[in-house]
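Contents: one structure, followed by commentary.
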Amino acid sequence: MSGQSYPALGLIVALPLVGTLINLLVGHRLPRRLVHWIACGAIGFSFLVALLAFFDLLALGHGGEGTTSPALTYALYPWFESGRLAVRVGFSFDRLAAVMCLVVTSVSFLIHVYSVGYMAGDRSYSRYFTYLNFFCFAMLLLVLADSLVVLFIGWEGVGLASYLLIGFWFEDPAKAMAGQKAFIVNRIGDAGFLLGLFLLFTFTQSLEIPAIREWVVAGGAGGELYRMMPVPFGVAVGILLFVGCVGKSAQLPLYVWLPDAMAGPTPVSALIHAATMVTAGVYLVARMGFLYLAYPGALAVVAVVGLLTALVAATIAICQTDIKKILAYSTISQLGYMFLALGVGAFSAGIFHLMTHAFFKALLFLGAGAVIHALDGEQEISAMGGLHAKLKLVSITFLVACLAISGVPLFSGFFSKDEILWGTLNGSMLAPWGQGILWGVGLITAGLTAFYMFRLYFMTFAGRYRGQRVDLAHLHRPPLSMSVPLVALAVLAAVGGFVGVPEILGGANRFHHWLSEVLPGQPERLSHLWEGLSMAASVLVALAGIGLAWQMYWRRIDLPARLADRARGLYRWVSNRYYVDEAYEAAVVRPLRSTSQLFYSLVDRLLIDTFLVHGVAFAARVTGLVAKKLQNGDVQRYGLFVLLGLGATLFLLFLG
C-alpha cells in the first residue's frame, strides 16, 4: 500500500478525545449549553476533517487491484519494543477506512445533536456527553489504526465506553447489571482475539497490518505461504480473531449482551447499534480479508455463524413487544447478514450493508426514542398504536427506515441486501448446493425482517391507541434538536444506496469499485440472469412479509392472538428467546456463583481470614500475654528462671 504522510489524520481521533477530557474535568461546572456545544463540536469537526481527508484521498487517484491502493498515513511515534515485537502508533486512511470514518463521524454527530433534546432533563448531562465523545474516540482509533495492537486498544476502548453508557443510569441495579453483562461477555470474545494475535505474531513476527498483508501476499506469490503458516494454524488464527468479532458484534453464541444493552439511554442504543461498537467485528474481518481468503476454512465458519445468527435473531424479533428489543434483535440479525457476505467472499457487499444499516438503524432507534420520549418512557408496543396523527414526522421517517431495512426498491437497504444475496448465490467458498442453501436461508431471513419491522410499525403508528400512561392530547412532541437528525437520517436511508446501484439496473456500482482496491473482489461465476432472479425473489419476499404484517396487525388484529394460542409451545419458546439466557444462567452463571461461594467460604474466610489473618493475630496475642507474665519486673523471679535454665542446660549436657 502506497502512503502519503497526512498529519491531519491525528485530528480525526484527537478531537473527540479533547471533548472527552474537557467535559470530564470541568463539564460539571460548565453551563449545559456549553457542554453539548463542546461534545457536538468535537465530533462535528472530526467529521469535517474526515471529509477533507476523503477528498485528498480522491486526489491520489487509483492504484492497482487488491493491495496497492494509495492511502493517507501518519506515524505518530514508536510505542514500545519487546523482543521482536515493535509497535508504533500510526494511522492509515485508505478507501475502507474512509468509508468507516465518514459513517462513524456523520451518524455519531447526528446522534450527539439528537441527545441534546433527549437528555435535556438528565442530571448527569456532562457525564453523558463525556462518555459519548469517548466512545467515538475509541471507535475512530480502532478504524484508523495500522497496527493490530493499536486497533485492539480502540477495541477495548469501545468495550469500556459501552459498559459506561449501557449502565449510565447505574442507580437502577438492573441497568448496572446490563452494563456488567456487556462487559463480561465481550471479555470472553476478546480473549479469543488476543490468542489469535499471539498465534499470528508467532508466524509473521509482526502485528502491523501492512506488514502482515505483504507477508501473506509474498508467501502466496511464491507458493510458500502454507509452509510458512500451515493451514490448520492459519484457520485457527482466522477463527480466533472471529471469536473476538462474535463478542463485539453480538453473534451466536455471544449475542446475549446486546438486547440487555437497551438499558442505556436510547441515543446510546443508536450509537452502539448503528455506527460504532457492533460494526467493529465486521470491519476487522474485512480489514483482514486477505488473510481469510488465504485460509478459506475460517471464512466458512464466518458465513455459517453469520447466517444462523441472522435467522435465529429474526425469529426472536417476531415475538418481542419491547420496541427497543425488537430493534436490538434486528441489529443482531443484520450483523449476521454482514458476516454472511464476508464469509462468502463478498467483502464490499458486507461493508455496503454496514453503511446503509448505519443510516436506517440509527433512524429506527432515534425514532423509537422519540416515541418513548412522547409516551413518557413507555416501551411496550402493545400499549401504543394510533401515533401517526400525533407524531407525523416520527411516523414518516420511521416508515422510511422500515422500507429501507425491508429491502423495498429503491431504498438504501434494497441495494445492499440484494448485493449480499447475490454474493451468496454467486460465491465459491462452498459447493454450489451449499451456496444455494445459504442463499435460501438468507432469503427467508429477508422476509422475516420485512414482517417483524412492519409488525412494529403497524402496532406503533397505525390502528387505535391502546396505552394508558399518557393521554394522546398531551404527548411530548420531539424538539427541533431531535427532529432534524430524524430528517437527515431519513434522507440518507432513502437515497444512500444509490452509490451502489448494480450494473443490472444500469448503474456502475461505484461503491464496489471504490472498495475493490482494498478489499478482495468476488469473481463472477453466474450470469446476470441469476442476479436478476435473485433480486426479484428478494423483492417478492420483502413484499410478502410486509403484506402479511399488514394483514395480521392492521386488518385482522385478532389473528396474532389466535395463532399464538394454536402454537402455544412454539410461541413460548420464541417469545422467551429460546431460553438461551436461562441456559447460560444454569450452565455458567450458577456453577460459577456456587464455586465462588465455596472458595469464599473455604479459602477466603476459613484459610485466609481465620487461619492466616486472625490466626497470626491470635498467636501474637497469646505470645504477648505469656511474655507479659514473664516480663513483670521481679528481679528475683528473673534470677530463678536463669538458674532453672542453667540447670536444664547442664542436665542435658551431662545426659548427652
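Residue indices begin at 1 and follow the sequence shown. Treat the numbers as computed from the prediction; the structure is a model and nothing was measured.
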Determine yes or no for a side-chain-to-main-chain donor-acceptor pair under 3.5 angstrom, with Lys248 supplying the side chain and Trp155 the backbone. yes
Less than 4.0 Å between a side-chain N and a carboxylate O, is that true for Arg287 and Asp94? yes
Would you find a donor on one side and an acceptor on the other, under 3.5 Å apart, between the side chain of Thr266 and the backbone of Gly369? no
In terms of ring plane angle, is the pair Tyr74 and Phe91 parallel, tilted or perpendicular, where the classes change at 30° and 60°? tilted
Answer yes or no: does atom CE of Met177 have more than 12 heavy-atom neighbours from other residues, nucleotides or ligands under 6.0 Å? no
May I ask you to decide if Ala619's main-chain N or O and Thr623's side chain share a donor-acceptor pair within less than 3.5 Å? yes
Side-chain (Ser249) to main-chain (Val278) donor-acceptor, under 3.5 angstrom: yes
Pairing residues for Asp172 by the salt bridge (Lys or Arg N to Asp or Glu O under 4.0 Å) criterion, not counting sequence neighbours: Lys175
Side-chain touch Phe93/Leu144, heavy atoms, less than 4.5 angstrom: yes
Just by distance, do the side chain of Thr315 and the backbone of Val312 share a donor-acceptor pair under 3.5 Å? yes
Is a donor from one side chain sitting under 3.5 angstrom from an acceptor on the other, for Thr73 and Tyr6? no
I'd like to know if Lys324 pairs up with Glu378 as an ion pair, taking the criterion as any Lys NZ or Arg NE/NH1/NH2 lying under 4.0 Å from an Asp or Glu carboxylate oxygen. no
Under a 3.5 Å threshold, yes or no: a donor from one side chain and an acceptor from the other, between Tyr128 and Ser115? yes
Check: Gln205 side chain, Phe201 main-chain N or O, donor-acceptor pair, under 3.5 Å: yes
Any pair with a residue in residues 237-263 that passes ring-ring contact (aromatic ring centres under 6.0 Å, His included), sequence neighbours left out, goes on the list, sorted by first then second residue, please. Phe242-Phe339
Measure the shortest side-chain to side-chain distance between Val87 and Leu207 over non-hydrogen atoms and say whether it is less than 4.5 angstrom. no
Indicate yes or no for a side-chain donor-acceptor contact from Glu208 to the backbone of Ser206 under 3.5 Å, with no hydrogens or angles considered. no
Phe618 atom CZ, neighbour heavy-atom count above 12 within 6.0 Å: no
Working to the nearest 0.5 angstrom, can you tell me the gap between Leu327 CG and Asp322 CG? 9.0 Å
Are any side-chain N or O atoms of Arg32 and backbone N or O atoms of Ala120, one a donor and one an acceptor, separated by less than 3.5 Å? yes
How are the rings of Phe129 and Tyr125 set to each other: parallel, tilted or perpendicular (split at 30° and 60°)? perpendicular
Plane angle bin for Tyr578 and Trp573 - parallel if under 30°, tilted between 30 and 60°, otherwise perpendicular: tilted
Under 3.5 Å donor-acceptor, Thr279 side chain and Thr276 backbone: yes
Point-to-point distance, once rounded to the nearest 0.5 Å, from CG of Leu284 to CG of Leu151: 6.0 Å
Heavy-atom count check: over 12 atoms from other residues, nucleotides or ligands less than 6.0 Å from Arg187 CZ? yes
State plainly whether the residues Lys181 and Asp581 are in salt-bridge range, i.e. N to O under 4.0 Å. yes
Taking atom types as modelled and ignoring hydrogens, do the side chains of His112 and Asn133 form a donor-acceptor contact shorter than 3.5 angstrom? yes
Would you sort out whether Val268 and Phe365 count as a side-chain contact (heavy atoms from CB on, under 4.5 Å), showing the intermediate values? CA-CA 9 Å; Val268 170; Phe365 268 108; over 6 Å; no
Parallel, tilted or perpendicular, judged at 30° and 60°: which one describes the rings of Tyr295 and Tyr226? perpendicular
Within 45 degrees of the ring normal and closer than 6.0 Å to the centroid, is that where the cationic atom of Arg127 sits relative to Phe168? yes
Excluding sequence neighbours, so at least two apart, what forms ring pair (Phe, Tyr, Trp, His ring centres under 6.0 Å) with Tyr571? none
If you count every heavy atom of other residues, nucleotides or ligands that lies below 6.0 Å from Tyr163 atom OH, does the total exceed 12? no
Tell me if a side-chain donor or acceptor on Thr309 pairs with a main-chain N or O of Val305 at a distance below 3.5 Å. yes
